[in-house]
Amino acid sequence: MNNNIIHTAVIDDGINEKFYGTGELEYNIEISPELEVMDRTCYDSCSPSHGTTCAAIIKKYSPLARLISIKILNDRARGMSEQLVKALEWCVEKGIRLVNISLGTVIFKDFPSIKKAVNYAYSKGVIIVAACNNNGICTYPASHSCVIGVKRDTENLLGEGEILFNPYPCDGIETTAFSSHSLTDYKGNTRETSPSNSFAAPLVTAIVNNILLDSPGKTLEEIKLDLFKMSVSRETVSYNPYICRNMDWVNKAVIFCLCQNEHCTCSNIPFYFDSDDVVHIRQGYVNDNLEHIKNYIKTNVSDNFEAYDTVVLLDDNASHIYSKHDIIDFINFASLQNKNIVLLGKSFRVPIDASKCKTKVWTPSLSQLFGYNSLKNNKFEIPVVLLHDRTGDSLLKLQDHLIKMFWKDGYNALGVTDSSIGAAAGFEYLPFDSEKPERFISSLKKIGQLYDPDIIILSADSSNIDNVSSLRNSILPEVDIEITMPGYLTATKQILVAPACTIGSENMQKPALFDLEDEKCAFHIYEHIIDIFKQDI
């Protein structure tokens, strides 16, 4: 007999426990729009609801599940991201092991706070199963690397209780699950759930609950590997759950910047994770760099090192190419220190086999496992603003400022970058190959399909003039506005902004000029961009 108890929280619109006979609730709470946690009272325990159906699905496939109801949605199935964050914090506080979330957001400005809450829950051992948006758009928390993302079977490939597992999905949704479940209510009426992602996720939650009943100490990565093995079919024979499509799992990092001059690249990167500890390593020989960093970690890092979950190495010197052996050796070292690893810059572009890594890893080469081949190349009608900067001094900061100003005004602005360093700012990483420029534009269109943004702010590394010229030529037909930072067309501190549709034509408009040293420079550029788009309406 299994005596383990796994507490499973359903964050939704509340569980009405008598409708499907899901049993006594361990907790039955509600989080108000004011973020007050209160006992849920004055409700009809015999009425149907979305959360009630999710709870019944979990109990159908995992009868021993001990359920907890956390209501954050109102009667119109609406809630705030702040309520979800509060619910996850409450789960950590109460020691909840498993959480089902059949809801999420596709609003980009909500992503940072949800990422932080998910990372906190993950660090405390909470396993989160979350449903993707029914329109197939990138959804948080479902698309987060530290979540088991779920979508429904749209091709009728699965039978009752079955799942498919996609090891390296571009949208972060690894699991496809059966969603049309037969449930019997308290009156004896049997009904079938509608085919939706919302009702696919509880099946996976039930499967995870059963896994934890047998092995309570399993980690998220071990559970994902179990799901991979349970998949009714597999196109790949191996899967490493520690390899991630982006860096959304980084919470707090110590950064080793391999500077080649007095000007530090790190000061110009708007890291989206906590990074208040930067160590500057100035070494002349590439083969010594990683050993020097390992020795530094062993001997010089303070007691605060325990507070960091990730070690970031930044080396953007194209003449420094680390070997596969040295990179793997360093990753293994980080694993022994119980640290995740991020490798940024041109020096780490060598493809490596990290199949045996036991710590989370992000490198430019490994990110290519998560391709956009599964997406269709639909018609592209999303406005694009292209930024390029030969010096690299201020491009990422300006990109970050513009995106956040769009967010503030209610626009879903997506940041895309061809630089692995830009990925550390939270932008979608899309490398450019000058020999195959058509792949870049095709992937950009698929990114548009995946995120469905109102506008894309794309930054291009212009340190290689031939590379940026090739990129511009391939993407210019899709670009609406082009922003040129100092150092490319001019040696002054002025930024050039012009509608791309007029560049090179007889009607080419004179570029607007903005002073980089003006503290309101980004705001003025943003206003100018808005004016340009208004003129096109």
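FYI, the numbering just counts along the sequence from 1. Keep in mind that what you see is a predicted model, and the values were worked out from it rather than measured.
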Trainee: In Å, rounded to the nearest 0.5 Å, how long is the span from OH of Y242 to OG1 of T359?
Mentor: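 Rounded to the nearest 0.5 Å, the OH-OG1 separation comes to 8.0 Å.
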
Trainee: How long is the straight-line distance from SG of C244 back to CG of L369, given to the nearest 0.5 Å?
Mentor: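 Output value for this atom pair is 11.0 Å.
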
Trainee: Fit a plane to each ring of H144 and Y140, take the angle between them on a 0 to 90° scale, and name the class: parallel (under 30°), tilted (30 to 60°) or perpendicular (over 60°).
Mentor: perpendicular

Trainee: What residues, two or more places apart in sequence or in another chain, satisfy side-chain contact (heavy atoms from CB on, under 4.5 Å) together with A117?
Mentor: V85, L88

Trainee: Determine the sole option in T205, N100, N209 for which the side-chain hydrogen bond (donor to acceptor under 3.5 Å, both in side chains) test with T8 is passed.
Mentor: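 Filter result, single survivor: N209.
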
Trainee: Aromatic rings Y451 and F108: how do their planes relate, parallel, tilted or perpendicular, breaks at 30° and 60°?
Mentor: perpendicular

Trainee: Counting N and O atoms only, with roles assigned by atom type, does the side chain of S113 sit under 3.5 Å from a partner on the main chain of D110, one being a donor and the other an acceptor?
Mentor: yes

Trainee: Please check if the number of heavy atoms outside N189 that lie under 6.0 Å from its CG is greater than 12.
Mentor: yes

Trainee: Using a 3.5 Å distance criterion without hydrogens, assess whether the side chain of T139 forms a donor-acceptor pair with backbone atoms of N133.
Mentor: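 Yes, because the side chain of T139 sits within donor-acceptor range (under 3.5 Å) of the backbone of N133.
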
Trainee: Are any side-chain N or O atoms of S123 and backbone N or O atoms of Y120, one a donor and one an acceptor, separated by less than 3.5 Å?
Mentor: yes

Trainee: Check whether T310 reaches the backbone of A253 with its side chain - one donor and one acceptor, N or O, closer than 3.5 Å.
Mentor: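 Flag not set: sc T310 to bb A253 has no pair under 3.5 Å.
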
Trainee: What pairs meet the ring-ring contact (aromatic ring centres under 6.0 Å, His included) rule with one or both residues in residues 57-81, with sequence neighbours excluded?
Mentor: Y61-H181

Trainee: Looking at A413, is its backbone amide N or carbonyl O close enough to the side chain of D454 to form a donor-acceptor pair, meaning the two atoms are under 3.5 Å apart?
Mentor: no

Trainee: State which residue, out of I68, I31, L84, fulfils the side-chain contact (heavy atoms from CB on, under 4.5 Å) condition with I11.
Mentor: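 Going through the options one by one, the only one that passes is L84.
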
Trainee: What's the spacing between I163 CD1 and L158 CG if we round to 0.5 Å?
Mentor: 8.5 Å

Trainee: For E24 and R66, what are the C-alpha separation, side-chain angles and deciding distance, and is it a salt bridge (Lys or Arg N to Asp or Glu O under 4.0 Å)?
Mentor: CA-CA 8 Å; E24 183 180 355; R66 303 286 287 272; over 6 Å; no

Trainee: Just wondering, do R245 and E428 contact through their side chains at under 4.5 Å, heavy atoms?
Mentor: yes

Trainee: Any chance you could lay out the ring pair (Phe, Tyr, Trp, His ring centres under 6.0 Å) test for H528 and F523, step after step, and finish with the verdict?
Mentor: CA-CA 9 Å; H528 185 64; F523 176 73; over 10 Å; no

Trainee: Would a distance-only check, ignoring hydrogens and angles, find a side-chain to backbone donor-acceptor pair under 3.5 Å from Y168 to N240?
Mentor: yes

Trainee: Just how far is it from atom CD1 of I456 to atom CD1 of I382, taken to the nearest 0.5 Å?
Mentor: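 Result: 4.5 Å between the selected atoms.
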
Trainee: Mind checking whether I255 and F271 have side chains closer than 4.5 Å, heavy atoms only?
Mentor: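 I255 reaches F271 side chain to side chain.
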
Trainee: Test salt bridge (Lys or Arg N to Asp or Glu O under 4.0 Å) on E174 and K151; report intermediate values, then the result.
Mentor: CA-CA 8 Å; E174 303 104 333; K151 59 186 175 184; over 6 Å; no

Trainee: With no hydrogens and no angle check, do the side chains of N134 and S196 hold a donor and an acceptor under 3.5 Å apart?
Mentor: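 Absent: no donor and acceptor within the cut-off.
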
Trainee: Looking at F348 versus W362, is the centre-to-centre ring distance below 6.0 Å?
Mentor: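 Not under 6.0 Å, so no.
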
Trainee: Give the C-alpha distance, both sets of side-chain angles, the deciding distance and a yes or no for side chain to side chain donor-acceptor pair (under 3.5 Å) between Y43 and N28.
Mentor: CA-CA 11 Å; Y43 69 97; N28 189 0; 2.7 Å; yes

Trainee: Can you name the side-chain contact (heavy atoms from CB on, under 4.5 Å) partners of L157, sequence neighbours left out?
Mentor: D153, E155, L164

Trainee: Using a 3.5 Å distance criterion without hydrogens, assess whether the side chain of K60 forms a donor-acceptor pair with backbone atoms of S182.
Mentor: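 Yes, because the side chain of K60 sits within donor-acceptor range (under 3.5 Å) of the backbone of S182.
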
Trainee: What pairs of residues pass the ring-ring contact (aromatic ring centres under 6.0 Å, His included) test when at least one of them lies in residues 213-235, not counting sequence neighbours?
Mentor: F228-Y239

Trainee: Less than 4.5 Å apart, any side-chain heavy atom of S69 and any of V10?
Mentor: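 Not touching, per the 4.5 Å side-chain cut-off.
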
Trainee: Less than 4.0 angstrom from a charged side-chain N to a carboxylate O is my criterion; do E221 and K358 meet it?
Mentor: no

Trainee: So, is the end of the K339 side chain (NZ or CZ) under 6.0 Å from the ring centre of Y308 and within 45° of the ring's axis?
Mentor: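 No, a cation-pi geometry is absent between K339 and Y308.
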
Trainee: Please indicate whether K59 has more than 12 foreign heavy atoms, meaning atoms of other residues, nucleotides or ligands, lying under 6.0 Å from its NZ.
Mentor: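 More than 12 heavy atoms, drawn from other residues, nucleotides or ligands, come within 6.0 Å of this atom.
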
Trainee: Between the main-chain N or O of A200 and the side-chain N or O of S179, is there a donor-acceptor pair closer than 3.5 Å?
Mentor: no

Trainee: Residues two or more places apart in sequence or in another chain: which of them pass side-chain contact (heavy atoms from CB on, under 4.5 Å) with Y526?
Mentor: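 Once residues adjacent in sequence are excluded, the partners of Y526 under the side-chain contact (heavy atoms from CB on, under 4.5 Å) criterion are L402, M405, F406, D409, Y411, I530.
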
Trainee: Checking side-chain polar atoms at under 3.5 Å, does T190 have a donor or acceptor matched by the opposite partner on T184?
Mentor: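 Yes, a side-chain donor-acceptor pair sits under 3.5 Å.
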
Trainee: So, D171 and S143: side-chain donor and acceptor under 3.5 Å apart, yes or no?
Mentor: no

Trainee: So do the side chains of I148 and V208 get within less than 4.5 Å of each other, counting heavy atoms only?
Mentor: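 Yes, close enough: below the 4.5 Å cut-off.
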
Trainee: Is there a donor in the side chain of H50 and an acceptor in the side chain of D13, or the other way round, less than 3.5 Å apart?
Mentor: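 H50 vs D13: no donor-acceptor pair found between side chains.
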
Trainee: Working to the nearest 0.5 Å, report the span between CD1 of I70 and NZ of K94.
Mentor: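 So the CD1 of I70 and the NZ of K94 are separated by 10.5 Å.
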
Trainee: Side chains of V126 and R97: closer than 4.5 Å at any heavy-atom pair?
Mentor: no

Trainee: Under the side-chain contact (heavy atoms from CB on, under 4.5 Å) test, which residues partner K71, sequence neighbours left out?
Mentor: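 Partners of K71 by the side-chain contact (heavy atoms from CB on, under 4.5 Å) criterion, ordered by chain and then number, come out as E30, R40.
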
Trainee: Verify, without hydrogens or angle tests, whether D185 (side chain) and F19 (backbone) share a donor-acceptor contact under 3.5 angstrom.
Mentor: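 No: the side chain of D185 does not pair with the backbone of F19.
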
Trainee: For the residue pair I455 and I457, establish whether any side-chain heavy-atom pair is separated by less than 4.5 Å.
Mentor: yes

Trainee: Would you say D248 and S145 are linked by a side-chain donor-acceptor pair, where the criterion is simply a distance under 3.5 Å?
Mentor: yes

Trainee: Say whether, by atom type as modelled, one donor and one acceptor occur between the side chain of D309 and the main chain of K252 under 3.5 angstrom.
Mentor: yes

Trainee: Judged by modelled atom types alone, do S459 and Q399 share a side-chain donor-acceptor pair under 3.5 Å?
Mentor: yes

Trainee: Side chains of D214 and N210: does their closest heavy-atom pair fall under 4.5 Å?
Mentor: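 No. Closest side-chain heavy atoms not under 4.5 Å.
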
Trainee: First locate atom CD1 of I96, then atom CG of L98, and finally report the distance between them rounded to the nearest 0.5 Å.
Mentor: 10.0 Å

Trainee: Taking atom types as modelled, is there a side-chain donor on S419 or T417 under 3.5 Å from an acceptor on the other?
Mentor: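 On atom types as modelled, these side chains do not qualify, holding no pair under 3.5 Å.
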
